[in-house]
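Owing to the predicted nature of the structure, the values given are computational and were not obtained by experimental measurement. The figures that follow rest on heavy atoms only: side chains count, while hydrogens, waters and symmetry mates do not. Counting begins at 1 with the first residue of the sequence.
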Amino acid sequence: MLLKKQEQLKLVFPTPNYKEKIEEFKQKMLDAGSSMAGCGSLMQDDFDTWLKKCNDWRNGENLPDGIVEASQYILVRTSDDKLIGMLQLRHLLNEFLLNYGGHIGDCIVIDERKKGYGKKILKLGLEKCKKLGILRVLVTCLNSNVASRKCILANGGKYEDTRILDDGSQIERYWIDLEK
């Protein structure tokens with residue numbers, strides 16, 4: 001079933017109320033061997049550790065080397081409170097993020113892909129950027145990730161270049177200019 005135009009989605013900060021849904025999301029992603037871009041440290045941390053890091057990093061506290069202030073969100077469908085995806089919005093870019101990671105990382109849970117949620121989560125993330133005063137947003141994707149590229153282009157992404165990681169992965173970089 002494709003995303004219906006009237007379907008309501010919202011980005012919210014993760015809270016203990018979503019613990020079970022977040023753990024289920026994590027397990028589905030791990031079982032599928034899927035990337036968890038946009039989930040912060042969820043792949044390696046238990047829920048409580050991850051949630052503390054989300055709150056700390058949003059406030060610029062206890063940032064490990066290489067980590068910048070970032071807001072972690074979950075995408076929730078309001079009709080049934082289902083967790084559809086996750087998005088991490090980095091408030092600024094360090095050298096690695098400028099070259100490879102960008103301002104926004106996101107992912108959609110395996111069983112909700114190919115329904116239009118990817119375009120929507122990025123659109124909602126861009127609205128959060130605008131509220132933070134980030135008007136030129138860098139978004140990246142692997143060159144092999146056709147779905148992500150389509151979502152970026154649908155949200156106004158302008159291709160700049162492709163960078164290569166040490167492992168040979170090719171990262172496409174796109175800029176999205178937001179109006180004031």
| Thr78 side-chain N/O to Gln8 backbone N/O, donor-acceptor pair under 3.5 Å | yes

| query | Backbone N or O of Leu138 within a donor-acceptor pair of the His103 side chain at under 3.5 Å? | reply | yes

| query | Heavy-atom count around Glu127 CD within 6.0 Å, excluding the residue itself: above 12? | reply | yes

| Member of Val139, Leu178, Leu122 meeting the side chain to side chain contact (heavy atoms under 4.5 Å, CB included) criterion with Asn155 | Leu122

| Any donor-acceptor pair under 3.5 Å linking the side chain of Trp50 with the backbone of Cys39? | yes

| Nearest-0.5 Å distance that lies between atom CD in Glu69 and atom CG in Asn59 | 7.5 Å

| request: Applying side chain to side chain contact (heavy atoms under 4.5 Å, CB included) between Lys26 and each of Asp46, Leu42, Asp31, report the one that passes. | output: Leu42

| Are a donor atom and an acceptor atom from the side chains of Asp106 and Tyr73 found within less than 3.5 Å of each other? | no

| Pairwise distance CD1(Ile152) to CD(Glu172) - rounded to 0.5 angstrom | 8.0 Å

| said: For a quick test of reading the model, state the closest non-hydrogen atom pair linking Lys52 to Asn62 and the distance between them. | reply: NZ-ND2, 3.8 Å

| field | Between CD on residue Gln72 and CG on residue Asn55, distance to nearest 0.5 Å | value | 10.5 Å

| query | If you take all heavy atoms of Leu93 and Leu97, which pair is closest and at what distance? | reply | CD2-CB, 3.7 Å

| field | Cluster link Val12 to Ile22, ILVMFWY, side chain under 4.5 Å | value | yes

| message | Between Glu112 and Arg77, is there a side-chain heavy-atom distance shorter than 4.5 Å? | response | yes

| message | Using 0.5 Å steps for rounding, measure from the CZ atom of Arg113 to the CD1 atom of Ile108. | response | 8.0 Å

| field | Distance-minimising heavy-atom pair for Cys107 and Ser35 | value | CB-O, 4.4 Å

| query | Mind checking whether Leu75 and Leu87 have side chains closer than 4.5 Å, heavy atoms only? | reply | no

| said: Hydrophobic clustering (ILVMFWY, side-chain heavy atoms < 4.5 Å, transitive) - are Val76 and Ile110 grouped together? | reply: yes

| field | Cluster overlap Leu30 with Leu83, hydrophobic side-chain contacts below 4.5 Å | value | yes

| said: Would you say CG of Asp65 has more than 12 non-hydrogen atoms from neighbouring residues, nucleotides or ligands within 6.0 angstrom? | reply: no

| field | NZ or CZ of Arg173 within 45° of Tyr159 ring axis and under 6.0 Å | value | no

| task | Of all the heavy-atom pairs spanning Leu153 and Tyr174, show the shortest one and how long it is. | result | CD2-CE2, 3.8 Å

| CE-CD1 distance between Met86 and Ile84, expressed to the nearest 0.5 angstrom | 11.5 Å

| message | Can you confirm whether Glu95 is buried at CD, in the sense that more than 12 heavy atoms of other residues, nucleotides or ligands lie under 6.0 Å from that atom? | response | no

| Taking everything shown except Lys128 itself, do over 12 heavy atoms lie less than 6.0 Å from its NZ? | yes

| request: Take atom CG of Asp80 as the centre, draw a 6.0 Å sphere, and report whether it contains more than 12 heavy atoms from other residues, nucleotides or ligands. | output: yes

| request: Say whether, by atom type as modelled, one donor and one acceptor occur between the side chain of Arg90 and the main chain of Gly101 under 3.5 angstrom. | output: yes

| query | Are any non-hydrogen side-chain atoms of Leu9 and Tyr117 less than 4.5 angstrom apart? | reply | yes

| Shortest non-hydrogen contact from Lys28 toward Asp111 | NZ-OD2, 3.1 Å

| request: Of all the heavy-atom pairs spanning Leu142 and Ile171, show the shortest one and how long it is. | output: CD2-CD1, 3.5 Å

| Is there a side-chain contact between Leu11 and Ile74, using heavy atoms and a 4.5 Å cut-off? | no

| request: State, yes or no, whether a side-chain contact exists between Tyr100 and Ile164 at a heavy-atom distance under 4.5 Å. | output: no

| task | Drop me the distance from Glu61's CD to Asp56's CG, to the nearest 0.5 angstrom. | result | 5.5 Å

| said: Counting C-beta onward and ignoring hydrogens, is there a side-chain heavy-atom pair between Ser71 and Gln88 closer than 4.5 Å? | reply: no

| So, the side chain of Lys53 versus the backbone of Asp45: is there a donor-acceptor pair under 3.5 Å, distance only? | no

| Contact check, side chains of Leu132 and His91, non-hydrogen atoms, under 4.5 Å | yes

